[in-house]
Amino acid sequence: MSDFKTDIKSYEFNHTMIRVKDPKASLEFYQDILGMKLITSMDNEDGKFTLYFLAYVNTDDQATLEAKSKDDRRAYAFSRPGVLELTHNWGSENDPKVNYANGNEDPGRGFGHTAIIVDNIEEACKRFESFGDKVKWVKRQSDGKMKNIAFIADPDGYWIEVLNRAFA
């Protein structure tokens with residue numbers, strides 16, 4: 001293995017991609033409801049799709065990012081962990097036949113969920129409740145035996161697990 005000039009200790013998880021039908025609804029959900037920030041987006045004219053890269057960004061980074069060029073924001077998206085890529089194939093929002101598998105139902109079981117950590121799960125769930133029909137509940141914190149987690153779904157039905165930040 002010493003023939004490779006790479007150090008696996010430097011590897012980090014960068015992003016995961018999910019397809020979305022309506023980017024307006026998805027961006028509203030991930031930004032306004034979950035509090036993520038849009039880092040950058042990229043249009044691909046030939047492929048007729050747009051990529052949106054979102055992440056949790058601290059206030060200092062957000063101010064710095066807003067002053068950066070599109071190339072700098074793209075470099076930032078591909079150099080940090082914890083990025084969510086939303087892929088929108090143009091026209092899908094108007095096609096009633098388009099329905100993406102969320103991984104938790106047939107057909108298409110496999111992918112399960114993404115997860116976010118919050119400072120106070122009870123208050124976060126109350127906040128999500130305040131959005132009414134914009135937040136689809138898969139599992140409320142009070143449901144079932146596992147009272148320390150909740151699950152909500154985005155506009156395309158992808159599950160997001162909500163759990164308290166674990167303090168060491």
- request: Mind checking ring-ring contact (aromatic ring centres under 6.0 Å, His included) for Phe111 and listing every partner two or more places apart, or none if nothing turns up?
  value: none
- line: Taken in chain and number order and not counting sequence neighbours, the residues that satisfy side chain to side chain contact (heavy atoms under 4.5 Å, CB included) with Asn164 are Val118, Ile121
query: Residues two or more places apart in sequence or in another chain: which of them pass side-chain hydrogen bond (donor to acceptor under 3.5 Å, both in side chains) with Arg73?
result: none
- request: Supply the atom-to-atom distance Leu84 CG to Leu54 CG, rounded to the nearest 0.5 angstrom.
  value: 6.0 Å
field: Sub-4.5 Å side-chain heavy-atom contact between Phe29 and Ile152
entry: yes
task: Answer yes or no: is there a donor N or O on one side and an acceptor on the other, between the side chain of Tyr158 and the main chain of Gly103, under 3.5 Å?
output: no
statement: Contacts of Arg109 meeting salt bridge (Lys or Arg N to Asp or Glu O under 4.0 Å) (sequence neighbours excluded), chain-then-number -> Asp106
message: Does anything in residues 31-47 form a side chain to side chain donor-acceptor pair (under 3.5 Å)? List the pairs, not counting sequence neighbours.
response: Asp43-Thr50
- request: May I ask you to test the Arg80-Val57 pair for a side-chain heavy-atom distance under 4.5 Å?
  value: yes
- prompt: Can you find a pair of side-chain heavy atoms, one from Trp137 and one from Asp143, that are under 4.5 Å apart?
  reply: no
Min side-chain heavy-atom separation Ile33-Phe128 under 4.5 Å: yes
statement: Those residues at least two apart in sequence (or on a different chain) that pass ring-ring contact (aromatic ring centres under 6.0 Å, His included) with Tyr76 are none
message: I'd like to check Ile18 versus Asp156 (side-chain heavy atoms, cut-off strictly below 4.5 Å). Are they in contact?
response: no
- line: Residue pairs passing the salt bridge (Lys or Arg N to Asp or Glu O under 4.0 Å) test with at least one member in residues 128-140, sequence neighbours excluded, are Glu28-Lys134, Glu129-Arg140
query: Quick one: are Leu163 and Asn148 in side-chain contact, heavy atoms under 4.5 Å?
result: no
Linked hydrophobic residues, Ile8 as query - side chain contacts closer than 4.5 Å: Tyr11
task: Mind checking side-chain hydrogen bond (donor to acceptor under 3.5 Å, both in side chains) for Ser69 and listing every partner two or more places apart, or none if nothing turns up?
output: Asp72
- prompt: Taking only residues two or more places apart in sequence, or in another chain, which ones meet Glu85 in a side-chain hydrogen bond (donor to acceptor under 3.5 Å, both in side chains)?
  reply: His15, Thr87
query: Less than 4.5 Å apart, any side-chain heavy atom of Leu86 and any of Leu51?
result: no
Residue pair Pro155 / Ala25: nearest heavy atoms and the distance that separates them: CG-O, 3.7 Å
Side chain to side chain, Tyr52 and Ser26, heavy atoms closer than 4.5 Å: no
Test salt bridge (Lys or Arg N to Asp or Glu O under 4.0 Å) applied to Lys126 - qualifying residues, sequence neighbours left out: Glu123
field: Contacts of Asp154 that satisfy side-chain hydrogen bond (donor to acceptor under 3.5 Å, both in side chains) - sequence neighbours left out
entry: Tyr30
message: As an exercise, state the distance from CH2 of Trp159 to NE2 of His113, rounded to the nearest 0.5 Å.
response: 9.0 Å
query: Is atom NZ of Lys21 surrounded by more than 12 heavy atoms (other residues, nucleotides or ligands) closer than 6.0 Å?
result: yes
